[in-house]
There are 4 protein chains.
Amino acid sequence: MSTRVVAVRADARRNRERVLEAAETVFAEQGATASTEEVARRAGVGIGTVFRHFPTKEALYEAIVVRRLSRVAEQAQPLTASADPAGALRDLFARLIDEAATKKAFADTMAVVSLDVKAAAPAVGDQLRDTIATLLDAARTAGTVRADVGLAEVMVLLAGLCLAAEHTPDPTLRESALSVVFAGLTPPS
Amino acid sequence: MSTRVVAVRADARRNRERVLEAAETVFAEQGATASTEEVARRAGVGIGTVFRHFPTKEALYEAIVVRRLSRVAEQAQPLTASADPAGALRDLFARLIDEAATKKAFADTMAVVSLDVKAAAPAVGDQLRDTIATLLDAARTAGTVRADVGLAEVMVLLAGLCLAAEHTPDPTLRESALSVVFAGLTPPS
Amino acid sequence: MSTRVVAVRADARRNRERVLEAAETVFAEQGATASTEEVARRAGVGIGTVFRHFPTKEALYEAIVVRRLSRVAEQAQPLTASADPAGALRDLFARLIDEAATKKAFADTMAVVSLDVKAAAPAVGDQLRDTIATLLDAARTAGTVRADVGLAEVMVLLAGLCLAAEHTPDPTLRESALSVVFAGLTPPS
Amino acid sequence: MSTRVVAVRADARRNRERVLEAAETVFAEQGATASTEEVARRAGVGIGTVFRHFPTKEALYEAIVVRRLSRVAEQAQPLTASADPAGALRDLFARLIDEAATKKAFADTMAVVSLDVKAAAPAVGDQLRDTIATLLDAARTAGTVRADVGLAEVMVLLAGLCLAAEHTPDPTLRESALSVVFAGLTPPS
DNA sequence: AATGAATGAGAATTCATTCAT
DNA sequence: CATGAATGAATTCTCATTCAT
């Protein structure tokens, strides 16, 4: 009996996953204004199924945001152990910028997390923010980032780079812009 | 008869202007998703009039982009005479950033000009780009901006700062971010 | 020019009238749950037209309610001049009951007016209520209706008869029920 | 094996009962438009279970009607032994009216029984109708109700009072309306 | 040329009903 | 039998665009 129950749930979870996967793709391609119907089509499910799992279009979108952030935060955390915190920070930024360049609406996600702190579901982006804060602190302590730069402006810069990346297909250019920003973060010799 | 025709055209031109004015306001307030009906209402004209002058909502939006750019470029050009090109560049950026923070969809305008060069009506943003290019060249020559920084990445940075500004109500924070970028543009001592 | 303007309005008014007419029919046949699409179809207009004239389904429904009440109230008012107020009252009730028996949702309209006084748009049903109140007063004064019966209970009885009529296709039966009620309103000899 | 089957049936019957109980409550609160899902939730069963026992929402609704009627009829029957049949009839009406005022969709139940005789499952409301008929006959014989009043119009009046009661929160008013009706049923002195 | 009414293709959301587990 | 996930038709409402006046 418990197996049967688990089986049902596994099925539902699989469908939920398919919906999320489809939503991820669709939102990456068309942005947040993509229709729920399109998501359902891509997922190969009825539209009712989408709404069963996510009672609102916004709920679905938020789920994608959370998902993206979780992944990003997960991948970011190991960086805190880095011996070169400034370099780690830059690597992290580069990764996020590339993702923003590829996936529509990812930049918006970053902007929300970076800037509209209270708006987002609380604690959703906290993990990423914390990682960045840790790296920043370490870098300042190590003297590889200027002491007079705060987390807030770093987040603004990150958001800006991500948002600009959405319109910047050339990776070299994105890298150059990032270089300028990090040059600005580096203490004058 | 010719007078009548001229009169009509003057009328039409005035209407076109009113529509643009209204669109500017409405898009600044509500972003590009504002309805065309709302624009017509604000302009005090029928919706048919809006579509007569701009056959598509997108055409109207582009017209606003062009308009904003023209104004900005106009105000920017005098700066090319500045004795301190780097300082002038920074002032210009600050002005644009503040505008982006205040007017919705202005940041997108900047992004279009800065990044999707070919997408926009050709030569639309060229004037502004040229001004920035001139300032940048002068600053590099004067040694107040690093020689290895190109126009393209500067435009990316400008777009990024404007886009981030849209979500950053605190002017101090916007200023701080700008400072970092300009520190990054300054040649190492 | 004024003629042109008037012409447009006349056209719109005609369409509005067609929508109202269709809505009247459709609601009479299917009740208040009939779809707006069906109303549009019957009116021979696009669904957008219906929503242009009545921004909400509820607004459309209310318009029908108001319309029905206005007509009824208009027809009722002359009765106040009757030499036989009790008889006039009974005639009025009979008319309303018959309408309720024929038109779905009319009974609900009557119920709203009779009972949920404040809920309905204020003053919508007031005219009818006033007419009934006048007739009732006159009848009580004339001694043809019991002095201890108030307007409130008369309205309850009217609503009840209308609501029951909706399910009572036999007119003789409706008439019999009305007779009992009026016998109850008549003072004991 | 037979025991197991019996056990299953007992389980099923219990579930059926729980569904009915929940439906009773839900329909009383929200009317017939309440969703089947809500009924299932209240019953603490899956929605599939609801549809297993009642193949259609309408079937479920009818079952509730039947159920309410059975109870009412059961409670009513003892009244036939009353020495004062007219008084008993009035008591019965008062009880039904109060129930209609409290429980949404009960008035509709009454209307169905009173008026759409053939529509309902045959013989469903017959018991109540029979009780009322018996009381009416007795009262007519006793001379406490007019001889020229038939069962049909009494049912119409009952339905009307119940339907009106649904919108009449004031019990005094409901009582007053009932008084008028019974005055109308009483033979002229 | 201006007007604004008409249009109808979506979009989000709900819910009765079916069916795989 | 029970479960509840899946389905998709239906509904309300919006908005860019067209067209009669």
Side-chain angles (χ1 to χ4, degrees), chain A residues 1 3-16 19 33-38 40 44-58 60, chain B residues 4-5 7-9 11-12 15-16 33-38 40-41 45-58 60, chain C residues 1 3-16 19 33-38 40 44-58 60, chain D residues 5 7-9 11-12 15 33-38 40-41 45-58 60:
Chain A
M1 203 149 134
T3 39
R4 206 187 300 172
V5 170
V6 169
V8 170
R9 284 197 179 152
D11 221 48
R13 201 172 298 170
R14 197 175 312 147
N15 249 335
R16 191 191 145 96
V19 169
T33 66
S35 82
T36 311
E37 187 111 27
E38 175 69 16
V45 303
I47 194 172
T49 302
V50 177
F51 277 94
R52 161 167 279 267
H53 288 290
F54 307 95
T56 284
K57 195 205 166 166
E58 191 166 334
L60 173 58
Chain B
R4 206 189 299 168
V5 169
V8 170
R9 283 196 180 154
D11 226 48
N15 259 339
R16 190 189 146 94
T33 66
S35 81
T36 313
E37 188 100 30
E38 174 71 14
R41 205 173 309 138
V45 303
I47 192 174
T49 302
V50 177
F51 275 91
R52 164 165 291 274
H53 287 291
F54 307 94
T56 283
K57 192 194 174 176
E58 190 164 336
L60 173 59
Chain C
M1 206 152 133
T3 40
R4 208 188 298 171
V5 170
V6 168
V8 170
R9 285 196 180 152
D11 222 49
R13 200 174 297 168
R14 196 176 314 148
N15 249 335
R16 192 190 146 96
V19 169
T33 66
S35 82
T36 310
E37 188 112 26
E38 174 70 15
V45 302
I47 194 173
T49 302
V50 177
F51 276 97
R52 161 170 276 269
H53 288 290
F54 307 95
T56 285
K57 197 207 165 163
E58 191 166 333
L60 174 59
Chain D
V5 170
V8 169
R9 283 197 180 155
D11 226 47
N15 259 338
T33 66
S35 81
T36 313
E37 189 98 33
E38 175 70 15
R41 205 173 310 138
V45 303
I47 193 175
T49 304
V50 176
F51 275 90
R52 164 164 292 276
H53 288 290
F54 307 94
T56 282
K57 193 195 171 174
E58 189 164 335
L60 173 59

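In what follows, chains carry the letters A, B, and so on, assigned in the order in which the sequence lines appear, proteins first and then strands, with residues in each chain numbered from 1.
- Projected onto DNA chain F by closest heavy-atom contact, Val45(D) and Ser35(C) fall at different nucleotides, the more 5' of which corresponds to Val45(D).
- Here the shortest heavy-atom pairing between Ala40(C) and Ile47(C) reads CB-CA, 3.8 Å.
- Sorted by residue number, the members of residues 48-55 of chain D with any non-hydrogen atom under 4.0 Å from DNA chain E read Phe51(D).
- The structure places CG of Leu60(A) at 10.5 Å from CD of Glu58(A), a figure rounded to the nearest 0.5 Å.
- Nearest heavy-atom pair, Thr36(B) versus Lys57(B), reported as atom, atom and distance to 0.1 Å: OG1-CG, 3.6 Å.
- For Ile47(C), whose side chain is taken as the heavy atoms from C-beta onward, the closest listed nucleotide among dT3(F), dT12(F), dA6(F) is dT12(F).
- Both Gly46(C) and Lys57(A) sit near DNA chain E, but only Gly46(C) has its closest nucleotide nearer the 5' end.
- Residue Thr36(A) places no side-chain N or O under 4.0 Å from the OP1 or OP2 atom of dA11(E).
- Rounded to whole Å, atom P of dA2(E) lies 20 Å from atom CZ of Arg41(B).
- Distance CZ/Arg16(C) to OG1/Thr49(C): 13.0 Å, rounded to 0.5 Å.
- What separates CD of Glu38(D) from P of dT14(E) is a distance of 14 Å, to the nearest Å.
- Rounded to an integer number of Å, the gap from Leu60(C) CG to dT11(F) P is 15 Å.
- Per the geometry, CG belonging to Asp11(D) stands 7 Å off P belonging to dA2(F), to the nearest Å.
- The nucleotide whose nearest atom lies closest to any side-chain atom of Thr56(B) is, among dT17(F), dT17(E), dT3(F), dT17(F).
- Within the structure, a side-chain polar atom (N or O) of Asn15(D) is placed less than 4.0 Å from OP1 or OP2 of dA2(F).
- Phe54(C) approaches Val19(C) most closely through the heavy-atom pair CE1-CG1, 3.7 Å.
- Both Ala34(D) and Arg16(C) lie near DNA chain E, and the one whose nearest nucleotide falls closer to the 5' end is Arg16(C).
- Distance, Glu58(D) CD to dC15(E) P: 18 Å, rounded to whole Å.
- Annotated stems with DNA chain E as a participant read E:2-21 with F:2-21, given as range with range, by first number; only runs of 3 or more Watson-Crick or G-U pairs under 3.5 Å qualify.
- Here dT3(F) presents its P atom at 13 Å from CD of Glu37(D), a figure rounded to the nearest Å.
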